[in-house]
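Start at 1 and go down the list; that is how both ligands and their atoms are numbered.
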Amino acid sequence: MTKNFQCARRLQVLPEYLFDIIAMKKAEAVAKGKDVIDLGVGDPDLPSPLHVVEALKKAVDDPSHHRYSSFKGMQELRETFAAWFFLRYGVDLDPDGEILPLIGSKEGIGHIHLALVDPGDKVLVPDPGYPTFQGGTILAGGIPVYYPLLPGRGFMPDLQSIEKMDLRGVKIMHINFPSNPTTAVADLDFFRQMVKFGRRHGIIVCHDAAYAELFFDEPCPSFLQARGAMEVGVEFHSLSKTYNMTGWRLGFAAGNRDIVKALGKVKANYDTGVFSAVQRAGIAALSGDQGCVQRSREIFRKRRDIFIEGLASMGLEAVEPRATFYVWSPVPGGYTSMEFAEKILEKTAVVVTPGSGFGEYGEGYFRTALTVPESRLQEAIDRMSHSNI
Ligand SMILES: *Cc1c(COP(=O)(O)O)cnc(C)c1O
């Protein structure tokens with residue numbers, strides 16, 4: 001690297017990824033030979049469904065899948081997603097203009113800013129929230145404007161307060177339900193309010209529905225079920241959490257035709273679409289037996305119950321999640337989130353994520369991902385209760 005080398009300003013102003021610090025501490029603990037239990041990263045430990053793996057294997061053997069695919073994705077995949085969406089949500093999507101396959105939903109969530117945000121435009125970002133909302137905004141030269149998700153409101157956005165802010169120059173509002181990290185679930189009425197909000201202020205609504213299928217009681221609604229949603233926004237879906245396919249990289253943007261088209265234009269310039277064998281596997285996942293999704297839900301529900309009970313036995317309160325594979329809990333004993341995460345890791349070799357990594361309003365919380373088997377989860381609870389933290 002030359003002495004005069006300097007990263008672009010957009011990278012310099014990107015905040016430090018707080019999770020890197022925890023990842024470093026974890027690596028240190030592992031190097032010391034400690035038996036680390038990682039409840040940090042939101043990456044399911046369960047294998048991808050067998051019939052999906054088989055579909056990929058078969059596709060890989062076919063040389064026609066070894067060539068470039070289109071950024072638009074296969075017609076058959078878009079049609080399969082449309083059929084799945086209609087079955088699940090009762091919403092009719094046009095596979096030719098209202099659906100765009102993505103290399104994981106994160107790819108689309110990041111790139112959408114390049115399609116919609118001019119330098120200096122503002123983007124409403126949930127705090128605490130998924131870091132890509134902020135990162136994508138900054139990389140496009142936009143300005144993130146954080147709106148708080150507070151426990152007093154069940155971690156739902158306070159639209160009345162947001163409307164009192166100066167909304168001039170705001171282009172997008174990001175929402176994410178079920179929420180990572182808070183696990184809050186939105187109802188259809190909230191999505192209807194979001195449509196009104198978007199219309200009233202000319203703000204595009206981007207809903208991240210990555211966890212929409214990981215619910216424990218009522219199925220979660222889609223933003224696109226709200227009347228008028230197709231005029232004001234898009235929804236991001238992902239096979240990652242639904243089918244335990246995080247490594248495969250397959251997601252979708254669905255909704256407003258013009259927004260979908262604009263995102264496609266960015267993609268056409270950045271990538272050449274999803275590996276078509278993976279698209280075949282996606283078709284198998286979306287059109288196949290959905291029993292595998294129900295089995296995942298049951299596994300995560302049991303883990304949730306074990307963990308919530310474990311926290312309660314330590315005198316720690318946490319809201320019982322109605323969806324996602326996370327638990328969002330207040331930090332005990334006057335520690336900051338980061339101090340708590342570091343202490344727990346040091347004393348028990350259990351990795352949790354400090355809430356402050358998700359934004360200012362995540363301070364005072366920690367997130368645990370229920371991505372280890374029940375016995376390991378119980379072990380983590382036992383270690384934590386004996387740690388005197
Ligand atoms: C995991 C996750 C995603 C993205 O997943 P992909 O693997 O890129 O589809 C998006 N949003 C949230 C909130 C997530 O936790």
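The existence of a salt bridge linking Glu28 and Lys34 is excluded, since no basic side-chain nitrogen approaches an acidic carboxylate oxygen closer than 4.0 Å. A salt bridge links Arg257 to Asp94: one of the charged nitrogens lies within less than 4.0 Å of a carboxylate oxygen. By the 4.0 Å N-to-carboxylate-O rule, Lys25 lies too far from Glu346 to be salt-bridged with it. The pair Glu107-Arg249 fails the salt-bridge criterion, with no side-chain N (NZ, NE, NH1 or NH2) lying under 4.0 Å from an Asp/Glu carboxylate O. Salt-bridge formation is not detected for the pair Glu298/Arg295: no Lys NZ or Arg NE/NH1/NH2 atom is positioned less than 4.0 Å from an Asp or Glu carboxylate oxygen. A salt bridge does not link Arg376 to Asp382: none of the charged nitrogens lies less than 4.0 Å from a carboxylate oxygen.
Close contacts of ligand 1 with Gly104, meaning ligand atoms under 4.0 Å from a residue heavy atom, involve 8 (O), 9 (O). Atoms of ligand 1 found under 4.0 Å from any heavy atom of Lys241, numbered from 1 in the order shown, are 1 (C), 2 (C), 3 (C), 5 (O), 14 (C), 15 (O). If you number the atoms of ligand 1 from 1 as listed, the ones under 4.0 Å from a heavy atom of Arg249 come out as 6 (P), 7 (O), 8 (O).
Only the side chain of Asn176 comes within 4.0 Å of ligand 1, judged by heavy-atom distances.
With 3.5 Å as the limit, one finds no donor-acceptor pair spanning the side chains of Gln12 and Arg9.
In this structure, the protein non-hydrogen atom closest to atom 15 (O) of ligand 1 is Tyr211 OH, 2.6 Å. Atom 5 (O) of ligand 1 has as its closest protein heavy atom Ser105 OG, 3.5 Å. Distance from atom 7 (O) of ligand 1 to its nearest protein heavy atom, with residue and atom name: Ser240 OG, 2.5 Å. Here the protein heavy atom with the shortest distance to atom 11 (N) of ligand 1 is Asp208 OD2, 2.5 Å.
Between Thr246 and ligand 1, no N or O atom pair is found at a separation short of 3.5 Å.
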